[in-house]
Amino acid sequence: MDTYYVIKKAKDQITEIIRTKFPDADIEITAPPPELASDFAVPLFKLAKKYGKSPNHIHEEIESIFDKTGTLFDSVFFLAGYINFVLNQMEYFKYLARDALRLKNDFGKSNTGTGQSIVIDYSAPNIAKPFSIGHLRSTIIGQSLYNIFGFLGYAVTGINHLGDWGTQFGKLLYAFDNFRKKNKTEDPTIGELLDLYVLFHKKAEKEPELEDKARDYFMRLEKGDKECRKKWETFCKISLDEFKRVYTYLGGIRFDEYLGESFFFDKGQVILDEILSRRFCIFDSQEKYESFLNENGEIRSFLEKSIQSINISTPVFFLTDKGHTKAAGRISDNEKAAEFKALIDVKIKGQNKVLEKLRNITGDETQAKEILKQFESENIKSTVYWIETTGLTEKASGKISGEAQKKLQSQARCLASTGSFLYTEGDEDSGTETAKQENLLLVDLTDFGIDTPLLLQKKDGTTLYALRDLAAIKYRTDSYNPTQILYVVGSEQSLHFRQIFMVARLLGYETQCHHIDFGLYRFPEGKMSTRKGRIILLENILNEAVEKALEIIKDREIPENEKKEIARIVGIGSIKYTDLSQERRKEIVFDWAKMLNMDGNSAPYLQYTYVRIVSILNKAGTDPFSHSFETEVELTDKEHKLIMSLSRFPEILEAAARTYAPHIISGYLYSLSQDFNNFYNSTSVIRTEEADLRTARLLLCRITSIVIKNGLMLLGIEVPNRM
RNA sequence: GUGCCCAUAGCUCAGUUGGAUAGAGCAUUAGAUUGCGGAUCUAAAGGCCGGAGGUUCGAAUCCUCUUGGGCACGCCA
């Protein structure tokens with residue numbers, strides 16, 4: 001599949017033109033303000049600085065060698081520090097038409113992800129609880145990412161990591177045995193399970209000992225008690241049937257695997273063994289560390305492997321939020337050691353966020369450089385190499401002042417550690433603990449900038465979800481060999497994911513794990529809570545939306561069964577769109593009017609635009625894709641704007657994938673639809689007399705329809721053919 | 001108390017790696033030769049981008065401090 005799109009071609013040409021004169025130029029191509037007769041612009045300020053010339057001078061040099069022959073451009077001009085590139089509109093349109101003709105319904109697809117595999121963990125509803133609006137975000141954001149990455153050629157695996165294990169089942173089993181009327185023999189409904197769960201919490205407030213009883217029940221479940229297990233299976237089945245019904249209603253939701261937490265609870269021991277096999281060690285001097293190395297071959301090879309894997313002579317460094325440092329290995333290069341210390345100085349001065357970002361770099365050196373540009377404000381002079389944690393590959397370069405270096409040499413402590421820490425309560429750290437607590441296992445992560453230890457196992461020996469999640473990382477890494485694992489989970493769990501990702505790395509799982517966090521739905525008066533029964537059922541919202549959509553079309557001449565299907569597509573689409581059109585980190589205050597909005601920036605607006613295009617194409621009678629389009633016609637400004645907008649689709653998709661942000665697509669589709677409607681209201685396509693122009697306009701309609709349809713499909717939203 | 005996230009028009013939100021005069025929708029007001037489908041379009045009005053410093057040729061965007069809101073912080077998930 002050839003996915004070299006016209007917009008890429010145009011940008012490549014701009015880069016090439018500028019680089020013929022300025023070979024090392026770092027070129028940023030921007031969109032000029034709409035009222036300017038320009039299509040692409042490059043700010044020249046940085047070039048001016050780099051080459052010691054004025055922006056105007058830079059522009060003159062580029063203009064002097066600019067030759068439009070063989071390019072997509074007609075001319076260049078200078079304004080306010082920018083060089084502007086004016087397209088040969090017809091040429092650009094012809095290329096766009098060729099892209100569209102070549103790819104047809106696949107317009108927008110690319111192969112940028114070929115060879116890469118991504119695991120996405122999303123939806124993950126909890127067994128025995130109804131599917132609430134809270135799960136909607138995970139489900140549709142996750143599904144959208146699944147669609148987007150698939151469209152870009154990645155091998156995607158969607159996993160529904162069901163919440164089907166844990167102490168909550170102890171509570172439920174207890175409630176089921178003790179609170180349910182004895183004469184009831186039929187299987188409970190989800191609603192009844194929820195009532196029992198809420199009732200348990202209500203009673204437990206007054207009788208705290210119920211919590212212990214629930215823990216006993218859960219222990220029985222983990223130990224394989226047949227009766228508990230059987231009830232648990234029933235709960236799971238009831239819930240799963242319910243979930244699948246909701247997914248069907250939502251439409252377009254699919255998973256490659258339903259693998260819940262229960263699948264992993266007995267796979268945690270391997271993780272525990274791995275952790276326990278490592279030894280806690282910390283040294284207050286280089287000598288002690290080196291003598292330890294000599295005595296411990298295993299650790300030594302671990303470190304050597306780490307150092308080798310990053311392919312530099314400098315060993316692995318470690319930074320904590322406390323401002324002290326750890327270096328796993330020797331700092332053999334004095335210059336680098338000093339720079340490293342200086343880097344810490346910046347840290348101590350409070351630039352936590354910069355360093356936090358450095359830590360989260362996903363392995364791309366240029367990205368790291370970008371972030372380190374911020375250090376320029378510290379008059380940074382020499383180069384710093386930054387290597388994160390135990391031999392992973394992140395690397396960044398920047399500069400640090402000599403003054404900062406000196407200051408820091410007295411401040412920074414360089415300690416050494418192997419990077420793995422675990423103790424059981426009852427060790428010398430807390431000598432008063434009793435034998436009863438010997439099963440409690442936690443990982444201390446304070447040396448890694450995380451103050452809260454990660455609990456893996458409770459004192460009664462039962463597992464916690466952190467351990468199950470670690471087992472899941474191992475399983476996913478082994479099973480799918482992914483380049484990335486995405487967790488589409490609410491931001492409230494960010495600490496949990498920081499913890500388990502850190503431990504996973506310490507254990508040597510190098511798969512990139514990302515928490516795709518999102519803000520929660522909440523009521524104006526506060527948080528939604530399953531325990532308190534304060535939730536809104538997703539289904540109620542969906543039904544309301546579908547009904548409203550049905551109300552709008554009730555008088556139209558469409559068969560009733562089709563009306564119902566249209567109402568479902570439009571109603572559900574509008575709910576999904578409302579969610580996906582918002583930046584995912586922001587919390588959403590629940591508001592009926594907003595959820596049911598079908599005017600303006602909404603799914604029905606896009607669907608409506610699509611439907612009108614379909615109508616035009618039907619009436620036109622000819623398929624503009626039936627033969628290639630290579631003739632010259634006179635295009636209006638509105639048409640050119642639409643062309644520019646259409647051509648951006650591929651890079652919009654890449655931006656959405658890069659930042660895991662479906663809302664970039666919805667924003668784009670809305671803007672595209674506005675451009676189309678603008679054109680639509682000013683120009684009659686069908687009644688265009690000049691044949692070639694008519695064909696060109698039909699072509700624009702056709703491409704727009706494909707982009708809207710594909711874009712909405714990526715958001716998990718369907719389009720009707722009429723509405 | 002500590003950490004993370006958020007703050008943009010009356011309301012709900014966009015704002016691409018820092019780029020030219022901060023954009024939409026809703027609501028309000030005034031309009032669109034009954035039209036290729038009015039769930040549409042045009043226009044008006046609406047802003048000290050929470051506040052104060054800083055970095056930069058250039059800041060809604062980066063840094064520091066601060067105010068307000070949300071979330072999390074050892075045996076729940």
Side-chain angles (χ1 to χ4, degrees), chain A residues 28 30-33 35-36 41 43 45-46 48-49 55 79-82 124 126 163 165-168 171 215 261 321 349-351 353-354 356 366-367 370-371 373-374 376-378 425 437 439-442 450-460 462 464-466 490-496 498 517 519-520 522 527 531 549 552-553 570 578 581-583 585-587 589 591 593-594 597-602 604-605 607-609 611-613 615-620 651-652 655 658-659 661 663-664 666-667 670-671 674 677-678 680-687 701 722-723:
Chain A
E28 180 193 355
T30 65
E35 59 278 9
L36 234 58
F45 309 105
K46 277 176 199 145
K49 199 172 189 178
L79 183 68
Y82 293 77
N126 295 321
W165 206 249
T167 312
Q168 57 181 346
K171 295 174 182 177
R215 278 191 277 272
E261 291 189 59
D321 280 351
K349 285 169 79 177
Q351 312 240 356
K353 287 185 181 170
V354 177
E356 185 60 35
T366 57
Q367 196 186 350
E370 280 297 311
I371 289 170
K373 277 194 302 192
Q374 291 155 16
E376 284 170 11
S377 60
E378 302 294 326
E425 203 93 31
Q437 294 183 318
N439 288 319
L440 182 66
L441 290 177
L442 50 81
I450 301 172
D451 288 337
T452 313
L454 180 64
L455 269 72
L456 299 172
Q457 183 173 292
K458 293 190 286 186
K459 65 188 174 191
D460 64 9
T462 56
L464 285 164
Y465 82 135
S491 58
E492 60 193 357
Q493 293 204 38
S494 63
L495 174 61
H496 166 72
R498 275 180 67 207
D517 58 332
L520 298 177
R522 48 180 277 269
K527 194 186 171 183
R531 290 182 184 185
I552 294 172
I553 58 169
V570 172
T578 299
S581 59
Q582 219 165 121
E583 213 270 322
R585 280 184 200 83
K586 291 185 179 169
E587 61 183 37
V589 177
D591 173 27
K594 185 160 106 186
N597 174 39
M598 295 187 184
D599 300 314
N601 190 358
S602 69
Y605 177 92
Q607 290 164 326
Y608 183 69
T609 306
V611 161
R612 290 202 303 197
I613 297 174
S615 180
I616 290 175
L617 292 169
N618 286 340
K619 285 186 179 159
E651 62 176 26
I652 290 294
R658 192 173 56 245
T659 53
H663 85 281
I664 291 177
S666 54
Y670 179 60
S671 153
Q674 282 181 313
N677 284 325
N678 215 296
Y680 174 93
N681 275 283
S682 68
T683 317
S684 178
V685 175
I686 287 180
R687 287 187 303 199
C701 290
R722 55 177 172 172
M723 61 192 276

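Naming: A, B, ... by sequence-line order, numbering from 1 per chain.
If you find the closest nucleotide of RNA chain B to Ile616(A) and to Gln168(A), the one lying nearer the 5' end belongs to Ile616(A). Of the two residues contacting RNA chain B, namely His496(A) and Pro43(A), the nearest-nucleotide position lying further toward the 5' end is that of Pro43(A).
We find that CZ of Arg722(A) is positioned 15 Å from P of A39(B), with the value rounded to whole Å. For the pair Met598(A) CE and U40(B) C1', the interatomic distance rounds to 17 Å; values are reported in whole Å. One can place OH of Tyr680(A) at 12 Å from P of U40(B), the figure rounded to the nearest angstrom. Atom OH in Tyr608(A) sits roughly 10 Å away from atom C1' in C41(B) (whole-Å rounding). Residue Arg585(A) contributes atom CZ, which lies 14 Å from atom C1' of U61(B) at whole-angstrom precision. Nucleotide C76(B) holds its C1' atom 10 Å from the CG atom of Asn126(A), rounded to whole Å.
Within the 4.5 Å cutoff, no side-chain heavy atoms of Lys586(A) are placed close to those of His663(A).
Here, U28(B) and G69(B) have their P atoms 32 Å apart, quoted to the whole Å. Comparing the same atom, C1', in A72(B) and in C76(B) gives a spacing of 14 Å after rounding to whole Å. Spacing between G15(B) and G23(B) at atom P, rounded to whole Å, works out to 15 Å. Taking atom P on both A59(B) and U16(B), the two are 15 Å apart, rounded to the nearest angstrom. To the nearest whole angstrom, the two P atoms, one in A20(B) and one in C49(B), are 16 Å apart. Taking the C1' atom of each, A45(B) and G51(B) are spaced 27 Å apart, rounded to whole Å. When the P atom is used for both A24(B) and A9(B), the distance is 15 Å, rounded to whole Å. For the C1' atoms, the distance linking A7(B) with U12(B) amounts to 14 Å, nearest Å.
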Distances under 3.5 Å between protein N/O atoms and the N/O atoms of nucleotides 8-12 of chain B, please, pair by pair.
from	atom 1	to	atom 2	distance (Å)
U12(B)	O3'	Lys594(A)	NZ	3.1

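A pairwise comparison of heavy atoms in Glu587(A) and Gln582(A) identifies O-OE1, 4.0 Å as the closest pair. Taking every heavy atom of both residues into account, Ile616(A) and Tyr680(A) meet most closely at CD1-CE1, 3.7 Å.
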Reading 5' to 3' through nucleotides 20-28 of chain B, protein heavy-atom contacts under 4.0 Å coded B for base, S for sugar-phosphate only, - for none: BB--SSS--
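Atom CD1 of Ile613(A) sits about 8.0 Å away from atom CG of Asn677(A), to the nearest 0.5 Å.
For the pair Thr452(A) and C73(B), the criterion of a side-chain N or O lying under 4.0 Å from OP1 or OP2 is not met.
A stem is defined here as three or more consecutive Watson-Crick or G-U pairs, each with both distances under 3.5 Å; for RNA chain B these stems are B:1-7 with B:67-73, B:10-13 with B:23-26, B:28-32 with B:40-44, B:50-54 with B:62-66.
With hydrogens and angles ignored, a donor-acceptor pair under 3.5 angstrom links the side chain of Tyr465(A) to the base of A77(B).
Of the candidates U56(B), C36(B), A14(B), A14(B) carries the atom nearest the Glu583(A) side chain, counting heavy atoms from C-beta on.
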